[in-house]
Amino acid sequence: MSLANLMRVAHTLDVVSIVNADRSVRETLTDVVFSAGYVPEPFESADGFLKSGRRSITSCLIAEMQSSAMSGLDLVHHLVASGGAIPTILLTDHFEDDVTRVLQAGLQFLRKPFERSQLLACIRSQIMNRNYSL
């Protein structure tokens with residue numbers, strides 16, 4: 001494959017940004033996203049993601065609902081307020097506390113632990129909805 005063809009293919013791949021402070025979780029999510037044919041962009045924090053300049057190419061964002069600095073929901077609110085909303089999947093293990101806020105915001109979430117197939121179905125759904133609304 002020529003470099004020009006490789007570049008064309010790279011521009012058609014969907015980027016999935018992953019924001020999670022836990023390195024092992026971030027690496028696992030990165031592996032799942034990559035193995036499904038997406039381009040993973042892992043970040044340790046919401047601040048790191050925001051400063052990276054990668055949000056303009058992100059097709060789907062996966063973020064941890066609970067975080068010591070900026071929660072996934074706070075990150076989404078920040079993105080919306082700045083005019084850069086991204087289809088987002090929030091991960092949570094405090095289902096009862098978070099579900100109402102997440103659903104009110106119209107976001108998709110996964111309760112931990114979840115299956116690989118559930119995550120991939122959510123990613124496909126978010127990317128398809130993003131592409132449909134463009």
Side-chain angles (χ1 to χ4, degrees):
M1 180 178 282
S2 73
L3 182 57
N5 285 339
L6 184 60
M7 294 298 288
R8 273 192 284 280
V9 169
H11 288 291
T12 63
L13 296 177
D14 287 301
V15 174
V16 178
S17 291
I18 301 161
V19 177
N20 197 300
D22 185 322
R23 181 180 176 177
S24 65
V25 171
R26 197 170 57 247
E27 288 175 353
T28 298
L29 292 171
T30 297
D31 290 345
V32 169
V33 166
F34 180 77
S35 70
Y38 302 108
V39 178
E41 287 281 343
F43 297 93
E44 187 174 347
S45 68
D47 190 50
F49 170 69
L50 291 171
K51 289 179 178 177
S52 73
R54 305 299 283 173
R55 74 185 198 183
S56 65
I57 65 162
T58 297
S59 299
C60 180
L61 172 65
I62 301 171
E64 183 68 36
M65 183 67 185
Q66 298 82 21
S67 178
S68 58
M70 180 186 287
S71 75
L73 193 56
D74 291 337
L75 174 57
V76 169
H77 289 308
H78 176 84
L79 292 170
V80 169
S82 66
I86 299 170
T88 301
I89 302 164
L90 295 175
L91 307 178
T92 182
D93 53 9
H94 297 96
F95 185 74
E96 294 77 19
D97 298 337
D98 297 334
V99 70
T100 303
R101 294 185 305 153
V102 170
L103 291 175
Q104 286 174 341
L107 301 171
Q108 195 163 23
F109 67 93
L110 279 175
R111 183 178 183 187
K112 297 186 282 183
F114 51 83
E115 298 292 321
R116 178 184 189 276
S117 61
Q118 291 173 298
L119 175 63
L120 293 177
C122 286
I123 292 170
R124 280 191 299 273
S125 172
Q126 291 291 22
I127 290 173
M128 190 168 67
N129 289 338
R130 174 188 177 268
N131 292 335
Y132 180 73
S133 65
L134 290 176

Query raised in the report: Taking a hydrophobic cluster as the set of Ile, Leu, Val, Met, Phe, Trp and Tyr residues connected by side-chain heavy atoms closer than 4.5 Å, whether directly or through intermediates, do Val19 and Val16 fall within one such cluster?
Result: no
Query raised in the report: Honestly curious: do Val32 and Phe34 fall in one hydrophobic cluster under the side-chain, below-4.5 Å linking rule?
Result: no
**Report entry** For Glu44, side chain to side chain donor-acceptor pair (under 3.5 Å) partners two or more places apart
**Finding:** none
Report task. Could you tell me which non-hydrogen atom of Ala63 sits nearest to which non-hydrogen atom of Gly72, and how far apart they are? Result -> CB-CA, 4.0 Å
Query - For Tyr38, all residues meeting ring pair (Phe, Tyr, Trp, His ring centres under 6.0 Å), sequence neighbours excluded - result: none
Query raised in the report: Does Ile123 share a hydrophobic cluster with Ile18, counting links as ILVMFWY side-chain heavy atoms below 4.5 Å and allowing steps through other members?
Result: yes
Query raised in the report: Which pairs with one or both residues in residues 44-64 pass ring pair (Phe, Tyr, Trp, His ring centres under 6.0 Å), sequence neighbours excluded?
Result: Phe43-Phe49
Query - Inter- and intrachain pairs under salt bridge (charged side-chain N to carboxylate O under 4.0 Å, His left out), touching residues 27-37, at least two apart - result: Arg23-Glu27
Query raised in the report: In terms of hydrophobic clustering (I, L, V, M, F, W, Y; side-chain heavy atoms under 4.5 Å; direct or indirect links), are Ile86 and Ile57 co-clustered?
Result: no
Query raised in the report: If you round to the nearest 0.5 Å, how far is CD1 of Ile89 from OG of Ser125?
Result: 8.0 Å
Query raised in the report: Of all residues at least two apart in sequence or in a different chain, which pass the side chain to side chain donor-acceptor pair (under 3.5 Å) check with Ser35?
Result: Arg116
Report summary line: Residues passing the side chain to side chain donor-acceptor pair (under 3.5 Å) test with Ser17, sequence neighbours excluded, are Thr58
Report summary line: Applying side-chain contact (heavy atoms from CB on, under 4.5 Å) to Pro42 and not counting sequence neighbours gives Arg26, Thr30
Query raised in the report: Does the side chain of Ile62 come within less than 4.5 Å of Thr88's, by heavy atoms?
Result: no
Report task. Could I get the full list of salt bridge (charged side-chain N to carboxylate O under 4.0 Å, His left out) partners for Arg54, not counting sequence neighbours? Result -> Glu41
Query raised in the report: Just checking, is any N or O donor in the side chain of Gln66 or Thr92 under 3.5 Å from an acceptor N or O on the other one?
Result: yes
Requested in this report: Check whether any side-chain heavy atom of Val33 sits under 4.5 Å from a side-chain heavy atom of Leu120, and report yes or no.
Outcome: no
Query raised in the report: Can you list the residues that meet the side chain to side chain donor-acceptor pair (under 3.5 Å) rule with Ser82, with sequence neighbours excluded?
Result: Arg55
Query raised in the report: With Phe114, which residues qualify under side-chain contact (heavy atoms from CB on, under 4.5 Å), at least two apart?
Result: Leu29, Leu91, Leu110, Lys112, Gln118, Leu119
Query raised in the report: Pick from Met128, Arg124, Gln126: which one makes a side-chain contact (heavy atoms from CB on, under 4.5 Å) with Cys60?
Result: Gln126
Query raised in the report: salt bridge (charged side-chain N to carboxylate O under 4.0 Å, His left out) with Asp22: which residues, sequence neighbours excluded?
Result: none
Query - Set of side-chain contact (heavy atoms from CB on, under 4.5 Å) partners for Asp47, sequence neighbours left out - result: Ser45, Lys51
Query raised in the report: Linking I/L/V/M/F/W/Y whenever any side-chain heavy atoms sit under 4.5 Å apart, do Met70 and Val76 land together?
Result: no
Query raised in the report: What is the distance from atom CG of Leu90 to atom CD of Gln108, rounded to the nearest 0.5 Å?
Result: 9.5 Å
